[in-house]
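The block underneath contains the structure these notes are about, expressed in structure tokens.
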Amino acid sequence: MENSITTLMLQEHGKIKNFLQDFEKSIKNNTNNCEKNFNKFKWNLEKHFFIEEKVIFTIFNSANEEESEDILNLLKEHKKILFLIESIEENSFKNAEQEVSELSQILTNHANFENEIFYPKLDDELNENQKCLIIERCNEIILQ
């Protein structure tokens, strides 16, 4: 499927990864762009979580216990990630390399699960109307 949920969200994960890498570089190089890069990363990650929580998880209302557990685990990871981001921000990016490294690892594992298991499952199990609705609503948020 050319316009799949997986393809769309893979692109989003790529953008978020690039924003995080820009932020990491600015921390390592101690540049003045640190706050700007952090804010870009944070904003795009928050939009991504909004898409997942308000669009995808809402439309993918599965009665399957395993899939419900997947969604609960993803939500827990969102909270953990946002907590780390808040900690980095509260410390004004000082000594943030360790926290950013941990954040990067958690995000990588989170994205890998979504890219390899969760989103393909959605593309396989949802009907065309549900998939189209998710893609349409995601694009409304992404393209704003």
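For clarity, every value in this text was computed on a predicted model and none was experimentally measured.
Val55 and Trp43 are members of different hydrophobic clusters when ILVMFWY side chains are connected at heavy-atom separations under 4.5 Å. Linking Ile, Leu, Val, Met, Phe, Trp and Tyr whenever their side-chain heavy atoms come within less than 4.5 Å leaves Leu10 and Ile117 in two separate clusters.
With sequence neighbours left out, Phe19 forms a ring pair (Phe, Tyr, Trp, His ring centres under 6.0 Å) with no residue at all. Remark: Asn18 engages no residue in a side chain to side chain donor-acceptor pair (under 3.5 Å) (not counting sequence neighbours). Residues satisfying the ring pair (Phe, Tyr, Trp, His ring centres under 6.0 Å) test with His13, not counting sequence neighbours, are His48, Tyr119. Residues that satisfy the side-chain contact (heavy atoms from CB on, under 4.5 Å) test with Phe83, not counting sequence neighbours, are absent from this structure. Remark: Gln130 pairs with Asn127 by the side chain to side chain donor-acceptor pair (under 3.5 Å) rule, at least two apart or across chains. With sequence neighbours excluded, the residues forming a salt bridge (Lys or Arg N to Asp or Glu O under 4.0 Å) with Lys15 are Glu12, listed by chain and number. Take His78 and apply the ring pair (Phe, Tyr, Trp, His ring centres under 6.0 Å) test, not counting sequence neighbours, and it matches Phe49, His110. Considering only residues two or more places apart in sequence or on other chains, Phe23 meets the ring pair (Phe, Tyr, Trp, His ring centres under 6.0 Å) condition with Phe38, Phe93. Remark: Glu89 engages Lys42 in a salt bridge (Lys or Arg N to Asp or Glu O under 4.0 Å) (not counting sequence neighbours). Every residue two or more places apart in sequence or in another chain was checked for a side chain to side chain donor-acceptor pair (under 3.5 Å) with Asn112, and none qualifies. Contacts of Ser87 classified as side chain to side chain donor-acceptor pair (under 3.5 Å), with partners at least two apart in sequence or in another chain: Glu99.
Between Ile51 and Met9 the shortest heavy-atom distance is CG2-CE, 3.9 Å. Between Thr6 and Pro120, the closest heavy-atom pair is OG1-N, 3.2 Å. Taking every heavy atom of both residues into account, Ile27 and Glu97 meet most closely at CG2-CG, 3.6 Å. Contact record, Ser26 with Cys34: OG-CA, 3.4 Å, taken as the closest heavy-atom pair.
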Evaluate side-chain contact (heavy atoms from CB on, under 4.5 Å) for Phe113 paired with Asn73, printing each intermediate quantity in order.
CA-CA 11 Å; Phe113 172 77; Asn73 287 332; over 6 Å; no
List the steps and the verdict of side-chain contact (heavy atoms from CB on, under 4.5 Å) for Lys121 and Asp70.
CA-CA 11 Å; Lys121 188 184 298 186; Asp70 287 345; 3.3 Å; yes
Quick one, Phe60 with Leu126, criterion side-chain contact (heavy atoms from CB on, under 4.5 Å). Give me CA distance, side-chain angles, the key distance, then yes/no.
CA-CA 8 Å; Phe60 183 60; Leu126 294 175; 3.5 Å; yes
Report the C-alpha separation of Ile135 and Asn139 in whole Å, then their side-chain angles, then the decisive distance to 0.1 Å, and conclude whether the side-chain contact (heavy atoms from CB on, under 4.5 Å) test is met.
CA-CA 6 Å; Ile135 292 168; Asn139 281 322; 3.6 Å; yes
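Separation of atoms CD1 (Ile16) and CG (Asn44) is listed at 6.5 Å; rounding is to 0.5 Å. The line from CD1 of Ile85 to CD1 of Ile88 is 6.5 Å long, rounded to the nearest 0.5 Å. To the nearest 0.5 angstrom, Arg137 atom CZ is 14.0 Å from Ile142 atom CD1. Between the CD1 atom in Ile71 and the CG atom in Leu75 there is a gap of 7.5 Å [rounded to 0.5 Å]. Rounding to the nearest 0.5 Å gives a distance of 9.0 Å between CD1 of Ile134 and OG1 of Thr58.
Residues Lys131 and Glu128 are paired through a salt bridge, judged by an N-O separation under 4.0 Å between the basic side chain and the carboxylate.
At least one donor-acceptor pair closer than 3.5 Å links the side chain of Asp123 to the backbone N or O of Ile5.
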Solution key, residues 100-108 side-chain donor-acceptor pairs under 3.5 Å, sequence neighbours excluded:
residue, atom, partner, partner atom, Å
Gln105, NE2, Asn109, OD1, 3.1
Thr108, OG1, Ser104, O, 2.8

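Between Leu20 and Leu45, every side-chain heavy-atom pair lies at or beyond the 4.5 Å cut-off.
Of the residues Ile56, Leu74, Leu122, the one that meets the side-chain contact (heavy atoms from CB on, under 4.5 Å) test with Glu114 is Leu74.
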